[in-house]
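Owing to the predicted nature of the structure, the values given are computational and were not obtained by experimental measurement.
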Amino acid sequence: MANELQKKKGLTARDLITTGVLAALYVVCAFIGECIFGFFPVLTFLCPLSIALICGPVFMLILAKVPKHGPILITGILVGGVLFVLGMYWLMCLAYVILGIVAEIVAGSANFKSKTRNLLAYMIFVLSPIFSYAMLWIDQDAYVQYLVANGTEQAYMDTMIATAQAWVLPAMIIGNLLCSFISGKLGQRLLKKHFEKAGVV
């Protein structure tokens with residue numbers, strides 16, 4: 001009985017496979033969200049918003065398919081690792097891991113069954129990209145040097161700096177929270193209306 005209970009609590013091989021597939025899907029969605037605005041230095045500050053708007057259904061599907069501790073952290077590690085390899089600022093990569101832990105704690109506090117806490121968990125998790133952009137206001141020189149050394153053109157960074165007015169960072173945070181709320185709610189509605197009927201969850 002104890003072994004059976006442990007299996008239910010821990011991640012099984014099937015759970016890990018499911019997590020891997022959905023985490024990879026999250027990476028793809030986040031990459032799409034990044035590409036929509038990321039090529040344009042004036043519009044790049046909208047990337048965290050587009051990522052938050054796209055990834056909600058995948059995040060909710062992860063919680064529905066594997067309602068245990070581990071999958072969100074694994075997703076955070078995978079997203080952060082891929083972004084680090086692609087040359088993104090290290091603080092954003094670290095944020096995905098740390099906020100992944102926080103998101104799991106929030107969702108796990110209700111055994112991953114509370115729509116409200118699952119939504120809050122997503123809103124916390126998807127704040128991660130903002131930690132990179134925030135460095136423009138915290139330590140601009142270090143941020144620029146790091147990205148230029150990893151392949152970003154100096155002209156791109158110069159335009160970013162010129163666009164980064166004082167109001168941009170709070171606007172990004174508010175916009176990100178609004179987009180993640182909308183996307184998370186949409187993901188929960190999709191789960192209820194379509195995925196459950198199709199037998200996916």
(message) I'd like to check the side chain to side chain contact (heavy atoms under 4.5 Å, CB included) partners of Ser109; sequence neighbours left out, ordered by chain and number.
(response) Arg117
(message) Test of understanding: with ring-ring contact (aromatic ring centres under 6.0 Å, His included), list the residues that count as partners of Phe112, not counting sequence neighbours.
(response) His69
(request) May I have all residue pairs that pass ring pair (Phe, Tyr, Trp, His ring centres under 6.0 Å) and include part of residues 147-169, sequence neighbours excluded? (result) none
(message) Counting only heavy atoms from other residues, nucleotides and ligands, does the tally under 6.0 Å from CZ of Phe31 exceed 12?
(response) no
(message) I need the minimum non-hydrogen distance between Ile62 and Pro71, along with the two atoms involved.
(response) CG2-CB, 3.7 Å
(request) Please tell me if the side chains of Leu127 and Met123 come closer than 4.5 Å, counting only heavy atoms from C-beta onward. (result) no
(message) Between Asp139 and Met135 (side chain of the first, backbone of the second, donor and acceptor by atom type, cut-off under 3.5 Å), is there such a pair?
(response) no
For residues 86-104, run the donor-acceptor check on the side chains, cut-off 3.5 Å, and write out each pair with its distance to 0.1 Å, sequence neighbours left out.
{"from": "Glu104", "atom 1": "OE1", "to": "Gly70", "atom 2": "N", "distance (Å)": "2.9"}
{"from": "Glu104", "atom 1": "OE2", "to": "Gly70", "atom 2": "N", "distance (Å)": "2.7"}
{"from": "Glu104", "atom 1": "OE2", "to": "Ile72", "atom 2": "N", "distance (Å)": "2.9"}
{"from": "Glu104", "atom 1": "OE2", "to": "Leu73", "atom 2": "N", "distance (Å)": "3.1"}

(message) Under a plain distance cut-off of 3.5 Å, with no hydrogens placed, do Thr12 and Asp15 share a side-chain donor-acceptor pair?
(response) yes
(message) Please give me the minimum heavy-atom distance between Ile54 and Gly33, naming the atom from each residue.
(response) CD1-CA, 3.7 Å
(request) Enter the distance from Met160:CE to Thr152:OG1 here, rounded to the nearest 0.5 Å. (result) 8.5 Å
Please report, to 0.1 Å, the donor-acceptor pairs under 3.5 Å made by any side chain of residues 178-191, with sequence neighbours excluded.
{"from": "Ser180", "atom 1": "OG", "to": "Asn176", "atom 2": "O", "distance (Å)": "3.0"}
{"from": "Ser180", "atom 1": "OG", "to": "Leu177", "atom 2": "O", "distance (Å)": "3.0"}
{"from": "Ser183", "atom 1": "OG", "to": "Ala52", "atom 2": "O", "distance (Å)": "3.3"}
{"from": "Ser183", "atom 1": "OG", "to": "Leu53", "atom 2": "O", "distance (Å)": "2.9"}
{"from": "Ser183", "atom 1": "OG", "to": "Gly56", "atom 2": "N", "distance (Å)": "2.9"}
{"from": "Gln188", "atom 1": "NE2", "to": "Lys115", "atom 2": "O", "distance (Å)": "2.8"}

(request) Drop me the distance from Tyr26's OH to Ile74's CD1, to the nearest 0.5 angstrom. (result) 15.0 Å
(message) If the condition is side chain to side chain contact (heavy atoms under 4.5 Å, CB included), which residues does Val168 pass it with, not counting sequence neighbours?
(response) Phe45, Trp137, Gln165, Met172
